[in-house]
Number of protein chains: 2
Amino acid sequence: MNETPAGRPTLETVARAAGASRATVSRVVNGSTTVRADIAESIRRAIAELGYVPNPAARSLVTQRTDSIALILPESATRVFSDDAFFPGVIRGVGEALEKADKQLVLLLASTQASHDRILRYVHGRTVDGVVLASMHGADTLPEELRAAGVPVVTSGRPLGEATVPFIDVEHASGVEAAMKHLVGLGRRRIATIAGPQDMVAGRERLAGYLTGLRAVPGAVPLVEEGDFMRQSGTDAMERLLQRDPGIDAVFAASDLMADGALRTLRRLGRRVPDDVAVIGFDDVEAARFTDPPLTTVHQPIHEIGTRLAEQILRLVAGEEVEASVVLPTRLVIRESA
Amino acid sequence: MNETPAGRPTLETVARAAGASRATVSRVVNGSTTVRADIAESIRRAIAELGYVPNPAARSLVTQRTDSIALILPESATRVFSDDAFFPGVIRGVGEALEKADKQLVLLLASTQASHDRILRYVHGRTVDGVVLASMHGADTLPEELRAAGVPVVTSGRPLGEATVPFIDVEHASGVEAAMKHLVGLGRRRIATIAGPQDMVAGRERLAGYLTGLRAVPGAVPLVEEGDFMRQSGTDAMERLLQRDPGIDAVFAASDLMADGALRTLRRLGRRVPDDVAVIGFDDVEAARFTDPPLTTVHQPIHEIGTRLAEQILRLVAGEEVEASVVLPTRLVIRESA
DNA sequence: TGCCACCGAGAGAGCGCTCTCACGAGTCGC
DNA sequence: GCGACTCGTGAGAGCGCTCTCTCGGTGGCA
């Protein structure tokens, strides 16, 4: 009578309590339909009474699944968060979609080289079934290394260089072109841009959109200053721009945060927006509706990027095929700054 | 000669390759010092050659540890993120500190009742060694349920009601009182507040600080409108406030986002800040430096909250004792809005 | 030289689960 | 009425690891 179930109940405990075998209890737990109703019922009762919860480690050991997905943010940690709305939005989208599929989200913050290695170890250990990779800088080797490790991967944003894994992205260039068209239609002729980092595809493509859009202005010369997508860099870049050409009558900033920063510089230097200088941003974060004046911006479906990422990785994990890329539309949202 | 190591190498594979036993390989992997140097060396070489990575599920199964910590955000998912800087900052702080300890961060987004149950299951399953709980609303039952489940827990923000688990919080009231003192010192007499949700301790204590601070103004009557910490609610609350008393000469908003929203209403209605109405916020998010005018606000050490949370949970998980509460200081940052 | 203590290495059990396979009981057809 | 079949259940192996226990070998000391 050494019946001390001391610790947490196991399948065995439940089986004994319900007078069934471990295998049958396992069947009930996993929703098999081939168990006689009354037996299933008494097992379920035993489970409830004992407060049995399956041990995921034991389960993973045999199934080779973990039911969790890693979201890797390889951005330099200091700039990922702060109050940028892009990543939080993506996290939320991914999280919600995974929750529906009853998968777990594991967040890996990859700032340093050490964490790069840690992540590889983590993924090699198969602690996750798949990986969602957000926003790489430059020719990041991570996607390729992960693919080589045989783990399903999907990335947010087309990688720089050749894409070896499926990705979700948005129509950067065409969105920016719409913004440029709007500025030109407003009669603006000396249009500058605050570009994003040129080691990121989002930065490059938005700049490309600016350059393409500028062709509609006969004789216009590109006027470019680079920022890092954050507010402060927008403030600084706007200053440099105005120094280079005080006659600027419009600015396209590659992010709302930089546009907000630019607004600040314009205000400080006594330029009226949009009268003297029209400003357009990119992202359409919540804050864009609260700037002074409210920001005209290129909207991108941040939340949907997250849900689509989750959707793709779930399909890959399930062994299904997915499109090599999904490119979501952007659209110009006209408020008062342009 | 059935030597097909087909899949991932296991301890066994490494042991055979190095001509040692599984136990000895395990010793090397786990850094035991009792292994003869030359054997250890050849084992390490075999590990490198085979690309061996320990299977964490198998390890957890026997050690009963998982080396990962859950961060639960039980806020309604729609409001947790957006572009509020508080949670991202906390996530970053927790993540960095855990990374140093070589622990993994698992993010659980708890929006619905369903996810509440899912979280309990998850934690009961011991998929994590400990739990960090951020920002509960009302008398959330989660901390108590987790404690009852025997899992180490630490929460961010004093819980409403009796605290049954250790928590990290900041000096809400005294920070607000400093802000009020500043306003009074500026000669403001009709000071209103945009309070946070009153089912959150942060909301309540900041309101309490306002009420205490207002006592310094003879005959002053409290003027309170409630928001939800987000921008839009600040815009709306400011409108109601002005309707109730057009002569308001100062406003304390319980969050920077609400203060920013309030700024917008004031601008729209032609009130100059700070000349007509002084505005003070709470949080000191990055955006506070970029509002028009730059926001005077109560600074709270968001990043440190995160690192302290991580520190405490790590100690709990290690079986050490921790203080029942840690309360971090806040301080008034004076910019131009007041 | 012989005995004992000590240290490093291996054998083996077992963590909690899933899943294959075999088996017994019931059902059907000829 | 007997074999063939189906269906539900149990036995048992094994996932990859850790850790205790045991054992063989070496050195110190009498």
Side-chain angles (χ1 to χ4, degrees), chain A residues 2 4-44 46-47 50-68 121-122 124-127 129, chain B residues 2 4-44 46-47 50-68 121-122 124-127 129:
Chain A
N2 48 354
T4 25
R8 305 171 48 206
T10 71
L11 262 197
E12 184 67 41
T13 325
V14 176
R16 269 205 305 263
S21 74
R22 235 169 46 240
T24 305
V25 176
S26 175
R27 286 189 185 96
V28 171
V29 169
N30 292 293
S32 160
T33 52
T34 66
V35 177
R36 221 173 61 209
D38 56 333
I39 297 186
E41 186 45 41
S42 75
I43 289 176
R44 262 189 289 271
I47 288 176
L50 295 167
Y52 169 76
V53 177
N55 179 325
R59 178 179 279 171
S60 294
L61 186 55
V62 37
T63 58
Q64 307 281 38
R65 287 183 291 102
T66 60
D67 292 326
S68 57
R121 265 202 347 265
Y122 195 76
H124 265 108
R126 291 292 184 279
T127 317
D129 298 341
Chain B
N2 48 355
T4 26
R8 306 171 46 207
T10 70
L11 262 196
E12 184 67 42
T13 324
V14 176
R16 269 205 306 261
S21 74
R22 237 170 42 244
T24 306
V25 177
S26 174
R27 286 190 185 97
V28 171
V29 169
N30 293 292
S32 161
T33 51
T34 66
V35 178
R36 220 172 63 209
D38 58 332
I39 297 187
E41 187 45 43
S42 75
I43 288 176
R44 263 190 288 271
I47 288 177
L50 295 167
Y52 168 75
V53 178
N55 179 325
R59 179 178 279 173
S60 294
L61 187 55
V62 37
T63 58
Q64 307 281 40
R65 285 183 293 100
T66 60
D67 292 325
S68 57
R121 265 201 346 265
Y122 194 77
H124 265 108
R126 291 291 184 282
T127 316
D129 298 341

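All figures in this text were calculated on a predicted structure; none of them were measured in a lab.
Put simply, CZ on B/R16 and CG on B/L11 are 12.0 Å apart, with the number rounded to the nearest 0.5 Å. Distance check, rounded to the nearest 0.5 Å: CZ of A/R126 to CG of B/N55 gives 10.0 Å. Atom CG in B/D67 sits 7.5 Å away from atom CZ in B/R59 (nearest 0.5 Å).
Considering all non-hydrogen atoms of both residues, B/A20 and B/I43 come closest at CB-CD1, 4.0 Å. When all heavy atoms of B/D38 and B/R36 are compared, the closest pair comes out as OD1-NE, 3.0 Å.
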Could you go through A/T13 and A/T10, starting from their C-alpha distance and side-chain angles, then the distance that decides it, and tell me whether this counts as side-chain contact (heavy atoms from CB on, under 4.5 Å)?
CA-CA 5 Å; A/T13 325; A/T10 71; 3.3 Å; yes
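Side chain of B/S60 to main chain of B/P56: a donor-acceptor pair is present (N/O by atom type, distance under 3.5 Å, no hydrogens or angles). Panel note: side chain A/D129, backbone A/R65; no donor-acceptor pair is recorded below 3.5 Å. Remark: side-chain polar atoms of A/R8 are not paired, donor with acceptor, to backbone N or O of A/Y52 under 3.5 angstrom. Distance alone, capped at 3.5 Å, places no donor-acceptor pair between the B/S26 side chain and the B/R22 backbone.
Taking five base pairs at each end of the helix from C/dT1-D/dA30 to C/dC30-D/dG1 and finding the rotation axis that steps the C1' atoms of four pairs onto the next four gives two axes whose angle is 50°, to the nearest 10°.
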In B/S/- notation (B base, S sugar-phosphate only, - none; protein heavy atoms under 4.0 Å), nucleotides 9-18 of chain D written 5' to 3' is BBBBB-BBBB
Scan nucleotides 24-26 of chain C against the protein and return all N/O pairs shorter than 3.5 Å with their distances rounded to 0.1 Å.
none

